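Since the structure is predicted, the reported quantities are computational estimates derived from the model, not experimental observations.
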Amino acid sequence: MSQAAAVAERSPVSTGRQPAGSDFAPLLRTVREQGLLDRRIGWYSRTITINAIALLAVGVAMYFVGSSWWVLLLAPVLSVLCARTAFIGHDAGHSQITGNRSVGRVIGLVHGNLLLGMSSAWWNDKHNRHHANPNHIEKDPDVAANVLVWTSKQAKVRAGFRRWLTRNQAWLFFPLTLLQGVAMKIYGFQDLRRQSPRERLVEGCLLVIHLFGYVTLLLTAMPVGHALAFAAVHQALFGLHLGLAFAPNHKGMEMPDPDGERWGHLRRQVLTSRNIRGNPVIDWFLGGLNHQIEHHLFPSMPRPHLRLARPAVRAHCAAVGISYTEAGFVDSYRQVLRHMYEVGEPLRVE
């Protein structure tokens, strides 16, 4: 555990073996009785409508100022709105918006594939495996060795250019997130091979429509040079925004031993997650994912209820002796970077 993690706000750590699910049932009952699992159709309807109007307004504005380099000021605005769009798609995939699977699927396709060019099928498959086994080195795709690594065991076998990446990954983390938006689009196209023929047709067509529409918008609204610069700024800031939202949630937290005891739902989700303390502005900026513990315990809980569930979850964790970790906005990233630095340290002292 890093020094920054040690100063995060915690309850006592559980050390006893817990029968799977036995310590979660009372909390589930409390949350359900408080109505926090009830749908918020009105809230999501307003959120989706406002986001759609804002996206349309930015698109129209691009045509008005596209001939000037001032159009680049709209790129950061569009990146923020695209992150809002991604959060809506994320919530749809978790059935937070509606219990109707068909309606949720349509919302996910529109906000993921059509508006962002990101495959909702790819995302849901990957993200559901993450939720089922967060930080499990053999089951969670988010901690698999890729460009970055998350354990010393992964670091030891790195070679060549990837070994250099691992040595310097703490310094490279935020620059690499600038590529995340584009990478997620590529992963979506690659995932089409895994999908069924019917799913592949729907997903693939919407991805192509998005790509064609995005390029058409840029090239008809502004000169080619402006368009290239706009796309670069927009996609880079979009990736950075997503990285800021997802990075501090689990990195540097406990990682279950694949050969150890099987944790129950409460321990598996709480001990591997980190909340970010804040206010409604941080809730908005991070799409509610700063309440990561509550989100992992109750994936279908509507976003505006996550903050409301925090007192009950925190009190329950204290009662059963399970660590509940919170950190400030800046400190959460400091913890993540320190963990990445420590993982790569053996390669720097060779």
Side-chain angles (χ1 to χ4, degrees), residues 47-48 50-62 65-66 69-93 107-120 122-124 126-127 142 146-148 172-191 206-219 221-222 226-249 276 281-290 303 329 333 336:
T47 299
I48 291 172
I50 292 172
N51 189 68
I53 293 173
L55 285 171
L56 180 61
V58 170
V60 172
M62 289 167 63
V65 298
W69 284 106
W70 288 106
V71 72
L72 294 184
L73 294 179
L74 292 174
V77 178
L78 186 58
S79 70
V80 171
L81 292 176
C82 285
R84 312 263 72 72
T85 304
F87 295 146
I88 293 171
H90 167 270
D91 292 2
I107 295 174
L109 285 170
V110 169
H111 288 81
N113 297 57
L114 184 61
L115 294 179
L116 296 179
M118 292 167 49
S119 169
S120 59
W122 163 76
W123 172 258
N124 288 333
K126 171 181 176 292
H127 199 57
D142 287 356
N146 200 325
V147 177
L148 305 174
L172 295 171
F173 177 70
F174 284 113
L176 286 172
T177 61
L178 298 175
L179 304 174
Q180 186 63 28
V182 174
M184 295 175 78
K185 292 176 173 58
I186 295 173
Y187 296 151
F189 275 103
Q190 293 175 337
D191 188 65
L206 290 175
L207 293 178
V208 171
I209 291 173
H210 165 82
L211 183 60
F212 178 79
Y214 183 71
V215 172
T216 300
L217 170 63
L218 293 180
L219 294 182
M222 60 193 77
H226 293 52
L228 292 174
F230 187 98
V233 175
H234 168 222
Q235 296 298 332
L237 293 182
F238 174 54
L240 178 63
H241 195 151
L242 292 184
L244 290 173
F246 286 100
N249 299 337
I276 298 178
V281 174
I282 289 181
D283 286 2
W284 177 85
F285 183 74
L286 299 180
L289 296 177
N290 49 309
R303 193 193 312 172
F329 181 79
Y333 300 109
V336 171

Asker: Test of understanding: with side chain to side chain contact (heavy atoms under 4.5 Å, CB included), list the residues that count as partners of V208, not counting sequence neighbours.
Answerer: F189

Asker: Within this structure, what is the CE-CG distance for the pair M222 and L74, rounded to the nearest 0.5 Å?
Answerer: 8.0 Å

Asker: Taking NZ, NE, NH1 and NH2 as the nitrogens, is one of them in D283 or R303 under 4.0 Å from a carboxylate oxygen of the other?
Answerer: no

Asker: Check H241 against S79 and note the closest heavy-atom contact, atom names and distance.
Answerer: ND1-O, 4.4 Å

Asker: Working to the nearest 0.5 Å, report the span between CG of L115 and NE2 of H210.
Answerer: 8.5 Å

Asker: Which atoms form the tightest heavy-atom contact between S119 and G188, and what is the distance?
Answerer: CB-CA, 3.6 Å

Asker: Are the ring centres of F87 and H111 closer than 6.0 Å?
Answerer: no

Asker: L78 versus L55: any side-chain heavy-atom pair under 4.5 Å?
Answerer: yes

Asker: Which heavy atom of V336 sits nearest to which heavy atom of A247, and what is that distance?
Answerer: CG2-O, 3.7 Å

Asker: Which distance, rounded to the nearest 0.5 Å, do you find between the CG of L219 and the OH of Y214?
Answerer: 10.5 Å

Asker: Among all residues two or more places apart in sequence or in another chain, which pass the ring-ring contact (aromatic ring centres under 6.0 Å, His included) test with F246?
Answerer: W123

Asker: Have a look at R84 and tell me which of N51, I48, I50 forms a side-chain contact (heavy atoms from CB on, under 4.5 Å) with it.
Answerer: N51

Asker: Determine the minimum heavy-atom distance between L244 and Y333, stating which atoms define it.
Answerer: O-OH, 2.6 Å

Asker: Quick one, W284 and V80 - any side-chain contact, counting heavy atoms below 4.5 Å?
Answerer: yes

Asker: When rounded to the nearest 0.5 angstrom, what is the spacing between CG in L114 and OG in S120?
Answerer: 11.0 Å

Asker: Which heavy atom in A86 sits nearest to a heavy atom in L242, and how many Å separate them?
Answerer: CB-CD2, 4.0 Å

Asker: Supply the atom-to-atom distance M118 CE to F238 CZ, rounded to the nearest 0.5 angstrom.
Answerer: 5.0 Å

Asker: Going by side chain to side chain donor-acceptor pair (under 3.5 Å), name the pairs with one or both residues in residues 176-188, residues two or more places apart or in two chains.
Answerer: K185-Q235

Asker: Is the shortest heavy-atom distance from the side chain of F329 to the side chain of N290 under 4.5 Å?
Answerer: no

Asker: Taking all atoms of both residues into account, what is the closest heavy-atom pair of A245 and L289, and its distance?
Answerer: O-CB, 4.1 Å

Asker: State the CG-CG distance between L81 and L116, to the nearest 0.5 angstrom.
Answerer: 10.5 Å

